[in-house]
Amino acid sequence: MEIPKQYDPKQAEEHHYSRWEQAGFFAPEANQDRNAPVFSIVIPPPNVTGSLHMGHALQHTMMDVMTRYKRMCGYRTLWVPGMDHAGISTQLMVTRELKKERLTRHDLGREEFVERVWQWKQESGGQITKQMRREGASVDWSREKFTMDEDLSRAVREVFVRLYEEGMIYRGNRIVNWCPNDQTVLSDLEVEKVPQAGKLYYLQYPVKGSDERITVATTRPETMLGDTGVAVNPRDERYRRFVGSTLLLPLTSREIPVVADDFVDPEFGTGAVKVTPAHDPNDYEMGVRHGLDQVVVIDTHARMTEAAGADLAGLDRYKAREAVVEQFEELGLLERVIDYEFSISKCERCKTVVEPLISLQWFVRMEPLRDLALEVLSKEKKPRFSPESYDKVYTNWLENIRDWTISRQLWWGHQIPAWYTETGEMVVARSLAEATAKAGTAKLTQDPDVLDTWFSSALWPFSTLGWPVETDDLKTFYPTSVLVTARDIIFLWVSRMVMMGMKFMGREPFADVYITGTILDPQGQRMSKTKMNGVDPLEVFDKYGVDATRIMLASVGSTDSRWNEKQVESYRNFANKIWNAARFALMNSEGARIDPRTLAKSEDLALHDRWILSRLNKTTRDLQAAIAGYQFHEAVQTLYHFFWDDFCDWYIELTKADVTSEAEGPQRIQSRTRLLSVLDQALRLLHPFMPYITEDLWLRLPGAASDLLHPAYASASPTIMLAAFPTMRDELIDEQAEWEMQAVIDLVTRARNLRSEMNIKPGERVSVLVSSPDEQLRSVYSASADQISRLVRASKLQISAASEAPRASARAVLTGGGEVAIPLEGLIDFEQERQRLGKEQEKLRAEAVKVETQLANPSFVERAPAEKVNELRARIADIAQRTAQLQQTVENLQ
RNA sequence: GCCCGCUUAGCUCAGUGGUAGAGCACUCGCUUCACACGCGAGGGGUCAGUGGUUCGAAUCCACUAGCGGGCACCA
């Protein structure tokens, strides 16, 4: 069998995914075990307009690692894919399309527009689902969902109606965040505060019946036209006498009262605040408290209304600001203007400055829902956040929660299931039929607004499983096991899923929440479309392969880190290493096939076999612990180290002589079998992280057949993705073998170091003389003499109790107090050699001093655990042995 | 203003009470029969600073500085 020297990711990525998908391996039904434990994840639904970015790739990697891992462990595994209809984004996308045809959505009308959106979705939406296939995501496509699907829409209406009937959804006039560009209301979470350099204007309002004036400070002079009062702190001596008096509002003919309110901070500005209930959230509250009028002077397009006066009506808010300031100046009522930095509210999506407006909208009362979420958190610790610190952020937000504005003035989305009769009466119902029955008339008009996209997302963990129908899926897979997402949607999404899950399912939607880190650009900035600094995962896939990208992303874990292509490159090299290790095993596999029985404990195992089995089992144990604790970085490090250092650098080298032996026979077959079997196990460990290369190689291994699959998938065709994940076997962890192997590694490394220091040509074979006073070590060296000779390229390896090296030798001291020497007649510069060993002595002395000082400290010996004290005593003993040996070695130079 | 995180080798990052780690970069030597996307051997860190707790601190606590993030306020 010809295997190329370099791994070609594209070739492996071409075939396996479609085979897996078509064979139904991703579906939970692949699992034939009725009693199998269950593992489920719902994907954070990407926007239907979206395409794959690094954040998706990161999250999907984590989810796929967990899903593939659990699947191989025999769990009935479901990862639900799907997409979000993404109200505003999608509507804007299609609106832009229409613009090319010189049409607006109003030209089409609502019904036809919505039809166009569906058409767009059909033709070009959901690019991301193709990209997810490329990623290797083992989602069950047969259960793919879309938030606008009929069944999910039914769930939305059901929730709306039930909440309404309980009085938890209400409609009312409230001050809200209005985006003048998108022409819709926004929830608090969709507004971002941006610091801005601006001005603070000090305006004077004359007191009626007096020559006095009260000065107020404002960043938005144009809103003064809507002032219906001025507020001062009741304890503010300066203004006490004005409370109750009347002010003449300049530029208008209106008179407004001075009121006292604790909200006012006497320290800020002038201590007197203009109150504009219709255009400021705090003023709105104050206005309610004092019964002040609401005068609307700015409309939904951020232009001045008639109420602002004939001169200004129709003017843009910023133009109006200039005009107002000008007029105040002319009237001599502009006291001063100072530079002032403040935060401005912008629409998160289009960055337009939000206008607070009083508007008739739908809201959800959050306190009762919030209490459910807080209760399950305090009583059951659910969800359990990883990293834990996010649970504080989550709790703080819940504690300060405010009502949720759920209506949006859009056409694309779930239309609010409320209907109005001709007489203006309202009915809320699951359908038009139900509404007709309730209202007693068919002459109904449905509320034109749609629901916030996050309303349907909040139901995702149960709506995707069939709710409100009690489906088998719902019973089996809810609550889900874990939610994987980025931290920026903890409030928008995670918390709302918990609240809705508790409310409608009576149980938390997921046990754990794993928050991934953020991949920043190389300068440490967030990647964004506007900054054009994003790295396209698909390009990285093309350049380095999906597997390399995945394992690199997994290693990022939950901390933010800068994008570093070199890292992907190093994992590409890792993939190549795996490829070549397998290549070696395959090139020497004649007569052998995978046989897990050769990985059992047995008396006749060689040291390197006992050692690799111990390493394999420790790796399995550590890997499982790391995955269980969401320590993906650690999991990757464990795998990398095991495969490269333990398996490739040592095991393959140590078993090479047997495996490549010219002599056919049982020993060769056995070593080949064991090599293949260890490789099989290693590939299984790697598979959740690197699905393509592991499948590609595994299928080539002789003996890779259905009998290696987890029993739950026994009837499936061979695939590593359904192979049983290795389990740790305690009896194979062999500390003695690890200790012995460490001695061998130490000897080999020091001998190689001597060769290197002495500039011995790599091809040149030398005599190596090893001595050790320790009989056990001598027998360890002897037992591995052939391999040691091979690894250090020794023509002769002599092992003795006392050093027999000639004076002209390069020498080094071994752990455990032995010596390794290479005779180099005529090549040794004795002075140089003494210096080299002198450095070694220095190091040992320094170490000895450190340890001795600690041991000489009585309180250390008294208070430190005995284990630690013994550890140090063992170390000092070893240092003493090495020091003595070194002394001897130096003397031998004389 | 409040809260959270980060500061460790030239770079990107692990490590959270007991001998400072990885990858990349760097130095030296190698076309050694799996792999030059490789092999072997090296060099490189007062773990941001100060103080404290402790037998012992990169690790725990407090403060300081710098960077990043979130929340609130902003007349």
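A, B, ... follow the sequence lines: proteins, then strands. Residue 1 opens every chain. Everything numeric in this text was worked out from a predicted model, so none of it was measured.
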Using atom [atom1] of each nucleotide, how far apart are [N] and [M] to the nearest Å?
| N | M | atom1 | answer |
| --- | --- | --- | --- |
| B:U8 | B:G1 | C1' | 32 Å |
| B:U31 | B:C37 | P | 16 Å |
| B:U59 | B:G5 | P | 15 Å |
| B:G51 | B:G56 | P | 16 Å |
| B:A72 | B:U16 | C1' | 32 Å |
| B:C74 | B:G66 | P | 27 Å |
| B:U12 | B:G45 | C1' | 16 Å |
| B:U7 | B:C47 | C1' | 10 Å |

Of the listed nucleotides ([options]), which one gets closest to any side-chain atom of [X]?
| X | options | answer |
| --- | --- | --- |
| A:N282 | B:C73, B:C71, B:C35 | B:C73 |
| A:W644 | B:A34, B:C74, B:G38 | B:G38 |
| A:R487 | B:U32, B:A34, B:G69 | B:G69 |
| A:H633 | B:C24, B:G38, B:A14 | B:A14 |
| A:R875 | B:A34, B:G40, B:U19 | B:U19 |
| A:R572 | B:C73, B:G40, B:C37 | B:C37 |
| A:N753 | B:A41, B:C73, B:C37 | B:A41 |
| A:D649 | B:A20, B:C74, B:C39 | B:C39 |
| A:K868 | B:G18, B:U32, B:C35 | B:G18 |
| A:F268 | B:A34, B:C37, B:C74 | B:C74 |

Sugar-phosphate only, base, or nothing, as touched by [X] at under 4.0 Å among non-hydrogen atoms:
| X | result |
| --- | --- |
| A:P865 | base |
| A:Q854 | base |
| A:Y7 | nothing |
| A:Y202 | nothing |
| A:N400 | nothing |
| A:V264 | base |
| A:T749 | sugar-phosphate |
| A:E757 | nothing |
| A:D265 | base |
| A:E653 | base |
| A:L872 | nothing |
| A:Y340 | sugar-phosphate |
| A:T276 | nothing |

- Message: Is it the case that the side chains of A:D227 and A:Y205 hold a donor-acceptor pair, with the cut-off being a distance below 3.5 Å and no angle test?
- Response: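 Result is yes, a qualifying pair exists.
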Within the distance-only criterion (no hydrogens, no angle test), does the side chain of [X] pair as donor or acceptor with the backbone N or O of [Y] below 3.5 angstrom?
| X | Y | value |
| --- | --- | --- |
| A:R572 | A:Q567 | no |
| A:S589 | A:L586 | yes |
| A:R672 | A:N588 | yes |
| A:E190 | A:S187 | yes |
| A:T395 | A:D391 | yes |

*asked:* What verdict does the salt bridge (charged side-chain N to carboxylate O under 4.0 Å, His left out) test give for A:D488 and A:R526, after you've listed the backbone C-alpha separation in whole Å, the side-chain angles of each residue and the deciding distance to 0.1 Å?
replied: CA-CA 12 Å; A:D488 50 352; A:R526 274 189 98 86; 3.8 Å; yes
Could you tell me the separation between the [atom1] atom of [X] and the [atom2] atom of [N], rounded to a whole number of Å?
| X | N | atom1 | atom2 | value |
| --- | --- | --- | --- | --- |
| A:D746 | B:G40 | CG | C1' | 16 Å |
| A:I490 | B:C71 | CD1 | P | 11 Å |
| A:D8 | B:C37 | CG | P | 15 Å |
| A:N573 | B:A34 | CG | C1' | 15 Å |
| A:L398 | B:A72 | CG | P | 13 Å |

query = Between A:V556 and A:R790, who's closer to the 5' end of RNA chain B by nearest nucleotide?
reply =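 The answer here is A:V556.
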Subject >> Closest-nucleotide ordering on RNA chain B, the 5'-leading residue of A:V216 and A:F574 >> reply: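 So the residue in question is A:F574.
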| task | Hey, can you tell me if A:Y239 and A:F242 have their rings parallel, tilted or perpendicular (30° and 60° cut-offs)? | result |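 The arrangement is tilted - the two ring planes meet at 30° to 60°.
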*Assign the ring pair A:Y571 / A:F574 to parallel, tilted or perpendicular, where the plane angle (0 to 90°) is split at 30° and 60°.*
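Perpendicular.
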Could I get a table of every N or O pair under 3.5 Å where one atom is in the protein and the other is in nucleotides 3-12 of chain B?
{"unit_1": "B:C3", "atom_1": "O3'", "unit_2": "A:K392", "atom_2": "NZ", "d": "3.2"}
{"unit_1": "B:C4", "atom_1": "OP1", "unit_2": "A:K392", "atom_2": "NZ", "d": "3.0"}

[X] side chain N/O closer than 4.0 Å to the phosphate oxygens (OP1, OP2) of [N]?
| X | N | value |
| --- | --- | --- |
| A:K566 | B:G23 | no |
| A:K193 | B:A72 | no |
| A:K5 | B:C37 | no |

Hey, does the Lys NZ or Arg CZ of A:R336 hover above the aromatic six-ring of A:Y202, less than 6.0 Å from the centre and inside 45° of the axis?
->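 Cation-pi check for A:R336 and A:Y202: passes.
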**Item:** Face-on cation placement of A:K656 at A:F584 ring, 6.0 Å and 45° thresholds
**Value:**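 Yes - A:K656 lies over the ring of A:F584, closer than 6.0 Å to its centre and within 45° of its axis.
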In B/S/- notation (B base, S sugar-phosphate only, - none; protein heavy atoms under 4.0 Å), nucleotides 26-31 of chain B written 5' to 3' is ----S-
Applying the Watson-Crick and G-U criteria (both distances under 3.5 angstrom) with [ ] for crossing and | for other-strand pairs, one obtains for RNA chain B ((((((((.[[[[.)..(..]]]].(((((.......))))).....[[[[[..)....]]]]])))))))....
| query | Should A:R238 and A:P266 count as side-chain neighbours, where that means a heavy-atom distance under 4.5 Å? | reply |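 In contact.
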task = Inspect the contact between A:R750 and A:E840 and indicate whether a charged nitrogen and a carboxylate oxygen are less than 4.0 angstrom apart.
result =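 Yes.
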Taking the six-membered ring where the residue is Trp, are the ring centres of A:F632 and A:Y514 under 6.0 Å apart?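 Yes - the distance between ring centres of A:F632 and A:Y514 falls below the 6.0 Å cut-off.
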>> Just checking A:F643 against A:F647, ring centres under 6.0 Å apart?
In response: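 That pair passes the under 6.0 Å test.
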Would A:E653 and A:L791 count as a side-chain contact (heavy atoms from CB on, under 4.5 Å) here? Give the steps.
CA-CA 8 Å; A:E653 294 305 325; A:L791 295 179; 3.7 Å; yes
